[in-house]
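Everything quoted here is computed from the prediction, not taken from an experiment. Scope of the values below: all heavy atoms of this structure, side chains included, with no hydrogens, waters or symmetry mates.
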Amino acid sequence: MAEYPYPLYFEARHLTDREKEKVRRHFQKRRDSGGGDCGGIEKVGDNIYKVCFKEEEDQERVLKRKSHTISLPGGDLHLTVTRSGSQQTQDQPSTSQSQTTTKVSTKGLEKIFKTDIFLLFYMRDNPKAYKILQKQLSAIGCTIQLDFEEEEAVVRGNIEKGPRGAFDGAAENWELQVDKTFAGLMESYICHHVLEPKQVKKVLQDPFFVSDDVKVYSESGYAVVVGESDVVKDKIAVLEKSIPIRKEQPVVEKKFKLIEEEFNREMSANCPEVKISRATNIIILEGPEDKVQSGAAKLNKLIETIKEKRVNLSNGLLDFMATSSVISKYQTRFQQSLRSPVSLEVGLELVLSSLSSDALKEAETAVLRDLNESSVSLQGAAAVAPDLDRLKEILNKAKNEENRGEFRVNVSFLPGSSGSPSTKVKLVGYTEHVNKLKELLYEYQANQVSTQEVISLQYPELVDCFGKILEIVGVKQTDVTIKASPFPNPCVLLSGPRLRVQETRQALGSALANMTMDKLVLDGPGALQYFQGAGKDSKELVESSCQVIIREQQVVSSSVVATKQRSLSSITPRPSTPRTRFSTVGDSPVVKINLEIKIGSLEKEQVNVLVVPTHGKQLSSTNIGKSLLRKGGDIVKSKFDLLSANSSLIPGDVLEVSASASLGCSKIFCIECLAWDGVGGRGVQALSRGLRRCLDLCAEKGFSSVAIPVIGPGLLLKYPLSEAVQVLKESIRQFALSDRCGNLTTIHIVIKPGHPDSEKSYHEVYKHLSSIMNQRGRALFGSLTSDLDDVNITVGGGIKLQLVFGDITNETTDGVVNTTDFENFYNEGVCKDILTVAGSGVEAQLKTATVSRGKPFVTPPGQFPCKSILHVCGEKDTNLIETLVPSVVSYCENQGFSSVAIPAICAGAGGLDPPVVAGAILRGIKTATSSGPFHSLTCIRLVLIKINVFLAFKEEATQMFPTSGRKAPPFQMPQVQQPAPLPLIANLSVYDTIPASETSTFLLLGLTRKDVNDAIEKLKNLYKHQCTEHTFPKEQLDSLNADDMSDLEELVRMEGLYMKKDPSGNLIVTGMKDGVNRAIVKFNSNLHGTLTREVRGREEDDLFARVMWCILGKNGNWERVPKTANYNLETRDVVRGIVDAYGALWQVDLQNLTASAAGHKTNLKRLENLEDFTFPLEWDSMAHGEVMKRVVLKSSSPEYKRVKLGFRQTAVQTVMKIERVQNIHLRRAYEAQKKKIFEKNKQEGAANEKFLYHGTTEDNCDSIMKTGFNRRFCGQNATAYGEGTYFAVDASYSSHPTYSRPAADGSQLMFVARVLTGVYTLGQKGMKVPPPLDDQDPHIRYDSVVDKMDRPNMFVVFHDDQAYLDHLITFKQ
């Protein structure tokens, strides 16, 4: 290194990094070593190290001491430093290098060469070499002197000075010649340090190494060979070869056996001088160093070439190999048969090792071929005693025979699952012997054991009529027992001798497969009821005459009469996954809690409580918390920060925070969480404890609803999704089991859409919650519903439209639509999924397809479970998509399909926005179904795999087909208004709430197609002769209200009739004759009552505007009764009681103006409005012409208590009396001003009405009550913020004697006023009106001013009608 140019070398054993640092510090300390600033210790040879100094003087002082002793943890280290090492490297100076110094003396020039001391010794001891050097120097006018003390050679030259006493250029020339001479000397001679003890002894004792031209010098612990370079190198080479070395090479015995032959061959050819011997897991190499090192390298290289192959075998086979002679047999066999040896090692798996990959493959093939593990299940009698004991005896005898002389096969018996009579026989060993015992097992079961087999039946109905099926099929009775059973699935149980059972199964299965089954769908009203009642005998007559079996199926919506033909063996019922609602009956406790999976944002939930995770006492630490803060604002943050700062939260604790008005909840429960630290870790325990605490708090505090997100799977907490859902599920389950649920009836689990794992989260949550709905026969919850539940809508033609959140590849509809561009079939999306199921044959047809724009390309289904696949290309064009859908519907109808599944065309890989696609597809369906009638197609399923797509379709469908209805929002309170009668014309959607058609489905099973067809025709004719229809004119329908139509609808449902509207608006009712006649009678009765209701309705409306009957609610507020109750009270028609706005029935005592219900009694009152003034509900009635009234409140009334409570919150005086002030003129003016300010401030907070306080005196009191507040009298107390009327926020302020001057008896007066503060700003002395809101428009002003903007204490208004005196409080100190 240029920074440390002066090196010294020393020999030492291997030094660690720590020991190197201690050595370096030794050479840095001048008092210890004579050294100074130096670099790190560097290894330059096997045992040779180098240290470099910055200054030459430091190097020289260290060199003079030569020997150094350094204390290390392992003992003292003794070093001898030299200028050169025994090995040369590129960055190590030659041992003959020297440092030179040129001096100018008065007599001539002098040059000093610092060189190796041993080279100086050599010059001294070799006159010949020294004379040559002297001669070379003499030729240039120089002499040389060897200074052994200073380890230097001094060269002097006699050069004459120039005319001016200088040497001019001669000195430079002389120095170059001297340097050249010494450079030649350094190239000609070398000093080699011998450090290895054996080599040192050899050099010192063997005369070979000493000659006239080569000298050997001995130093403490080493020797130095000096002479001509080539000669010294030759002698050193001889030295290194003459001293053998020993090297022990660790090696695994098994691995060495694999390479032994190759290694010995290599060593014999290339290193015959090396002796090879072995010890335990060690190979010993002895010989010349270079050969030994070469041999060691060859050994390592061969070991590295060993290849391994791990064979995954069963535990049974591994145990067999470990306990048998398999491994030794394979070792010998592979040694003889394979080109390269293979070793086998058995542990957790079988490990094969070899130098050859081919050998490994052959060995693996041999093992897998020769060894086998097989299991045979024993069922029925063979699995239990005594047959099992007999079989064990036979097998053990056969096993012993096979294992004679050698362990070849093992047999073990494993019990089946708990409760099932089954046993498994496990056979392990050589394949040949395993197969022999398997054949023995199969033969025993076939010939000596009775068995039972099952034939599946596709429909549960076939179980009940299976006896008739056997009669039709003609199966002969044998010693095989045949029994039909509905459990666990519809099936036929065959039991008896094994071979007989198999013969019967084949015969019966073949017969069932050859039978003809058809489905008859009768469109309409009452078909099922007829054939189950009056037409039952006729149906049975058809069965006997046509030799068929007829069974009814469930009722579905349809508008067609159609048949479907299928062989019995091919009918596969569509699997269903209904969203279940659970309930309890009998003596079981009522289940109150309903679980709802909500798709949306937590902060938008309308519930009592929101549950939010926190971390490190920071609400903003999670994304859920951040979203909540954005919605809740600074109010929520400040409340949380205040509570958390004063709480010592630990993980699992819950902090209760009051919500802000912008959130749809009253409380926020914050759970302090920990990051995921494994199943059962502290994080899981804390989360579980926090969730349970939240639910317990809801119960304790009487909350009815709570929304909880899935806490954990995020960047901060990093829970696995399934574990997070598991914790949530278990917490809810334990809470429900506690039976301490209080009023909690609704738990929302909130999943945010739009995330990559939203769909996974939904499925995980739904799966977990479904698993806990019932516990030990007890229903824990009332229901489990979801925003992604199937949506069912009846559209035109009676077709059922279903929106399904799911995978289209799970559909079993007759037709399935595939969306594709007919080019890229395996991009991610619907096309790839469908073609993967359908197979390559369908793909091949698509590649050669000729497609008409706007038309589906139809192919057979391939392996897809449908009748046809309709391939469409939407081209990312909504108009084209809207055209494609009717084409799909038309094709399915023409082909006799009953159902079709359609995906969201172009909404996935196509890239169109889901709402746009939803609109196009639904419009296409609406167009297609409005053209009816349909004779086969009954169901269109829109199958949507993404949450956002499903929600978009659901929203669009709700708007396009409003009669599908919406769920009522939770916690919606009853409205006060009495709903007016609605004419039918205003609610024509009632038509669609009645099924477009009630279809009845019958299964017919017969031996021939003709028998079944004849039966179908006879059933159709029987039903046709029982039907009739009647048309109700539109003009009469328009006069009916919603209740009339509801009655008619209920009758239609009870009678099983079909009701539809024709293009003219007439109502056509079709069905059984008796039912239609009863509908006519009901219709006429309703029509007759319409006129009476209309007259009564007008009278109620007129009275409701003039007279207000009110009832005192539980909250202390007066509330209007509905119109009908208002009318009944006014006409004194109260014998049957009245119904309030919430649906409660009250019994009335008009004499005392009271009402009672369920043990609760309350008051009634009557107010009669003026033409231009509506009385406030809290006022008492006033006499005709009376404009002002003071009403003393009873101290027991809620109104009194409410006003007093507001006063006492800040004031300490005693309330003597509270009066309500009723001034019609002032209140009328106030309400007008309120409306004006409200309209002006719609965007800034409307009128902002507040209840404030105003102190007054006995002198001013009557005047204010009669004429209102008058700002012209301002200044009596203060005008610091403007010349207006002042109102205080706190009663304590207005109660001061300055404002409420005491009367002679010490009493004081204070008004509680309604004040329209509107938009306010800071007031100033001298203001007569509020300042402008905008300098550009001075006519629009603030509504009031305040004493300070931050929490004002005082409001000032400048308009007399802007305040109304509500109550007058009389109080004393």
K.L.:
List the steps and the verdict of side chain to side chain contact (heavy atoms under 4.5 Å, CB included) for Tyr766 and Leu784.
P.N.:
CA-CA 9 Å; Tyr766 194 87; Leu784 171 59; 3.8 Å; yes
K.L.:
So which heavy atom on Ile808 is nearest to which on Ala901, and how close?
P.N.:
CD1-O, 4.0 Å
K.L.:
Could you tell me whether His763 and Phe805 have their ring centroids closer than 6.0 angstrom?
P.N.:
yes
K.L.:
Students often mix this up, so state it plainly: with edges at 30° and 60°, are the rings of His871 and Phe857 parallel, tilted or perpendicular?
P.N.:
tilted
K.L.:
In sequence, state the C-alpha distance, the side-chain angles, and the governing distance for Lys1034 and Asp1062, and then conclude on salt bridge (charged side-chain N to carboxylate O under 4.0 Å, His left out).
P.N.:
CA-CA 10 Å; Lys1034 179 179 182 301; Asp1062 68 11; over 6 Å; no
K.L.:
Would you confirm whether Asp789, through its side chain, and Ser786, through its main-chain N or O, come within 3.5 Å as a donor-acceptor pair?
P.N.:
yes
K.L.:
Between Asn792 and Gln802, does any side-chain donor sit less than 3.5 Å from a side-chain acceptor?
P.N.:
yes
K.L.:
Between Ser1064 and Asn1066, does any side-chain donor sit less than 3.5 Å from a side-chain acceptor?
P.N.:
no
K.L.:
When rounded to the nearest 0.5 angstrom, what is the spacing between CD1 in Ile549 and CZ in Phe1002?
P.N.:
15.5 Å
K.L.:
Yes or no on salt bridge (charged side-chain N to carboxylate O under 4.0 Å, His left out) for Lys1082 and Glu1049, after CA distance, side-chain angles and deciding distance?
P.N.:
CA-CA 11 Å; Lys1082 182 66 175 175; Glu1049 176 188 350; over 6 Å; no
K.L.:
Which pair of non-hydrogen atoms, one from Ser868 and one from Val858, has the smallest distance, and what is that distance?
P.N.:
CB-CG1, 3.8 Å
K.L.:
Would the distance check show the side chain of Thr1008 and the main-chain N or O of Asp1011 forming a donor-acceptor pair, the cut-off being under 3.5 Å?
P.N.:
yes
K.L.:
Is it the case that over 12 heavy atoms from other parts of the model lie below 6.0 angstrom from the CD atom of Gln532?
P.N.:
yes
K.L.:
For Leu1019 and Ile550, work out which heavy atoms get closest and say how close.
P.N.:
CD1-CD1, 3.8 Å
K.L.:
Do you know the tightest heavy-atom contact between Ala957 and Leu922?
P.N.:
N-CD1, 3.5 Å
K.L.:
Please check if the side chain of Thr929 supplies one atom and the backbone of Ile925 the other of a donor-acceptor pair under 3.5 Å.
P.N.:
yes
K.L.:
Please answer whether the main-chain N or O of Ile1068 pairs with a side-chain N or O of Thr1031 as donor and acceptor at a distance below 3.5 Å.
P.N.:
no
K.L.:
Test side chain to side chain contact (heavy atoms under 4.5 Å, CB included) on Lys1061 and Leu1037; report intermediate values, then the result.
P.N.:
CA-CA 11 Å; Lys1061 183 177 63 174; Leu1037 290 172; over 6 Å; no
K.L.:
Kindly say whether Ser887 contributes a backbone atom to a donor-acceptor pair with the side chain of Ser890 at under 3.5 angstrom?
P.N.:
no
K.L.:
Could you please spell out the steps behind the side chain to side chain contact (heavy atoms under 4.5 Å, CB included) verdict for Leu1005 and Val548?
P.N.:
CA-CA 5 Å; Leu1005 179 67; Val548 296; over 6 Å; no
K.L.:
Counting only heavy atoms not in Lys1018, do more than 12 fall under 6.0 Å of its NZ?
P.N.:
yes
K.L.:
Assess whether side-chain hydrogen bond (donor to acceptor under 3.5 Å, both in side chains) is satisfied between Thr809 and Asp833, documenting all intermediate values.
P.N.:
CA-CA 7 Å; Thr809 59; Asp833 296 339; over 6 Å; no
K.L.:
Indicate yes or no for a side-chain donor-acceptor contact from Ser899 to the backbone of Asp814 under 3.5 Å, with no hydrogens or angles considered.
P.N.:
yes
K.L.:
Tell me whether Thr820 contacts the main-chain N or O of Phe822 through its side chain, where contact means a donor paired with an acceptor under 3.5 Å.
P.N.:
yes
K.L.:
With distance as the sole test, does Arg941 use its side chain to make a donor-acceptor pair with the main-chain N or O of Val804 at under 3.5 Å?
P.N.:
no
K.L.:
Using only heavy-atom distances, determine whether the side chains of Ser936 and Glu893 contain a donor-acceptor pair under 3.5 Å.
P.N.:
yes
K.L.:
Tell me whether the count of non-hydrogen atoms from other residues, nucleotides or ligands lying under 6.0 Å of CD in Glu843 goes above 12.
P.N.:
yes
K.L.:
Go through the steps for Tyr1023 and Met1072 under the test side chain to side chain contact (heavy atoms under 4.5 Å, CB included), then give the verdict.
P.N.:
CA-CA 9 Å; Tyr1023 173 68; Met1072 297 288 100; 3.3 Å; yes
